[in-house]
Amino acid sequence: MNWNDYHSYIEITPPQDFTLQECLVFLGRSEHENLHQIRDGYLYKLIKIKDELVLLKIGEAANLIRVEFPASAPTLEARRKAATYLWEWFDLSQELEPFYEMASSNMILHKIVDEYRGLRLIGIPDLFEALTWAILGQQINLAFAYTLKKRFVEEYGESLTFEGSTYWLFPEYKAIANCSIGDLKMLQFSTRKAEYIIGIAQLMTSGKIRKEDLLHLKDYQQIKQSLTAIRGVGAWTADYVMMKCLHFTSAFPIADVGLHNALKIQLGLERKPTLEEIEVLAKNWEGWQAYATFYLWRSLYG
DNA sequence: ATCCAGGAGTCCG
DNA sequence: CGGACTCATGGA
């Protein structure tokens with residue numbers, strides 16, 4: 001991780017193949033998003049560092065990522081954690097050349113990697129958030145999923161108001177472990193979604209699911225099995241979480257409806273492709289299925 | 001009104 | 001193991 005500390009702000013030197021603007025386009029895809037804001041070309045994000053809410057203002061300065069701390073003077077630890085957070089959020093450890101190399105000769109991918117070059121797989125570093133967001137999105141349209149998330153965040157998350165704008169933090173699992181099914185049903189969660197999410201909050205509170213433990217397993221299949229053993233987590237959710245939270249570039253949520261729609265459009269099909277057809281199409285994506293999927297999702301947002 | 005949505009669990013043979 | 005059924009409700 002390459003960053004410079006100027007005490008009141010920091011600058012991160014991104015790796016090759018990084019374009020902040022492309023990442024901001026993806027982050028700005030939904031009007032309903034309340035876990036970050038984009039204004040005047042700057043990205044605002046609230047994070048928590050040792051019980052303290054820290055607002056980040058992220059922008060570009062001469063090909064560097066500059067992070068300012070508009071709401072309060074940052075401690076050294078806050079500056080370090082901010083750099084670490086951004087490095088993970090934007091997946092800056094990844095070397096994308098092999099992906100672009102593969103994609104350049106791929107019938108489906110070559111056009112979109114050219115168009116969105118520099119886009120990184122925007123992650124969800126917090127495991128509880130990744131799991132919860134995936135479960136919220138199961139089998140309902142995305143607009144409604146965002147509505148549910150907004151209610152959930154604004155009911156159980158912490159917030160900071162600065163210069164007239166309110167910034168939200170995703171709820172912590174400890175705060176949700178004590179919820180009843182009825183509490184979440186009041187937000188229009190289905191019984192199933194409420195059960196799954198409270199169950200996961202309880203598993204995490206008791207230490208039975210931890211991101212570090214999953215990452216230590218290393219092996220793709222072991223981690224996927226550990227995840228799908230959780231009630232409410234099927235193959236799609238496990239791959240989604242491995243892709244967005246655990247940084248597995250080979251994770252592949254092959255049953256994803258958004259992926260199907262993107263492939264249908266890219267290929268000019270009358271219908272969505274079948275799973276068997278997708279397996280054939282993705283034959284050469286080996287090792288980069290997550291990035292291929294992510295770029296295809298991006299293609300759905302104009 | 002009708003169909004679909006960034007699925008998962010359960011049951012049945 | 002593979003397929004059908006159930007959940008559950010907003011959006012287009």
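Computed from a predicted model, the values in this text were never measured in an experiment. Note on naming: letters A, B, ... go to the chains in the order of the sequence lines (proteins, then strands), and numbering restarts at 1 for each one.
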Look at all strands and tell whether [X] reaches a base, only sugar-phosphate, or nothing, counting heavy atoms closer than 4.0 Å.
X: Y301(A); answer: base
X: Y240(A); answer: base
X: A134(A); answer: nothing

Near DNA chain C, under 4.0 Å by heavy atom, which residues of residues 282-300 of chain A? none
Any side-chain donor paired with an acceptor under 3.5 Å for E286(A) and S250(A)? no
With rounding to the closest Å, how many angstrom separate the P atoms on dG10(C) and dA1(B)? 15 Å
Taking the six-membered ring for Trp, are Y116(A) and F26(A) ring centroids under 6.0 Å apart? no
Can you check whether F99(A) and Y295(A) have ring centres sitting under 6.0 Å from each other? yes
Out of dA5(B), dG11(C), dG7(B), which nucleotide sits closest to the side chain of W236(A)? dG7(B)
Ignoring backbone atoms, establish whether [X] has a side-chain N or O less than 4.0 Å from OP1 or OP2 of [N].
X: R192(A); N: dT10(B); value: no
X: K272(A); N: dA5(B); value: yes
X: T191(A); N: dC7(C); value: no
X: T147(A); N: dG10(C); value: no

Please give, in whole Å, the distance from dC7(C) P to I181(A) CD1? 16 Å
Just the rounded figure in Å: distance from C1' of dT9(C) to CG of L187(A). 15 Å
In the structure I gave you, are the side-chain heavy atoms of D91(A) and I122(A) within less than 4.5 Å of one another anywhere? no
Looking only at heavy atoms, which two atoms of I38(A) and L24(A) are closest? And how far apart? CD1-O, 3.3 Å
Taking ring-ring contact (aromatic ring centres under 6.0 Å, His included) as the criterion, tell me which of F170(A), W133(A), W168(A), Y146(A) meets it with F152(A). F170(A)
Residues R151(A), Q188(A); criterion side-chain hydrogen bond (donor to acceptor under 3.5 Å, both in side chains); working and verdict: CA-CA 9 Å; R151(A) 288 178 188 154; Q188(A) 279 183 286; 2.7 Å; yes
Between dA5(B) and Q139(A), counting only base atoms on the nucleotide and side-chain atoms on the residue, is there a donor-acceptor pair under 3.5 Å? yes
With nearest nucleotide decided by heavy atoms, which residue, T228(A) or G137(A), maps closer to the 5′ end of DNA chain B? G137(A)
Quick check: on DNA chain B, is the nucleotide nearest I230(A) upstream (toward 5') of the one nearest K244(A), or the reverse? Name the residue that is more 5'. K244(A)
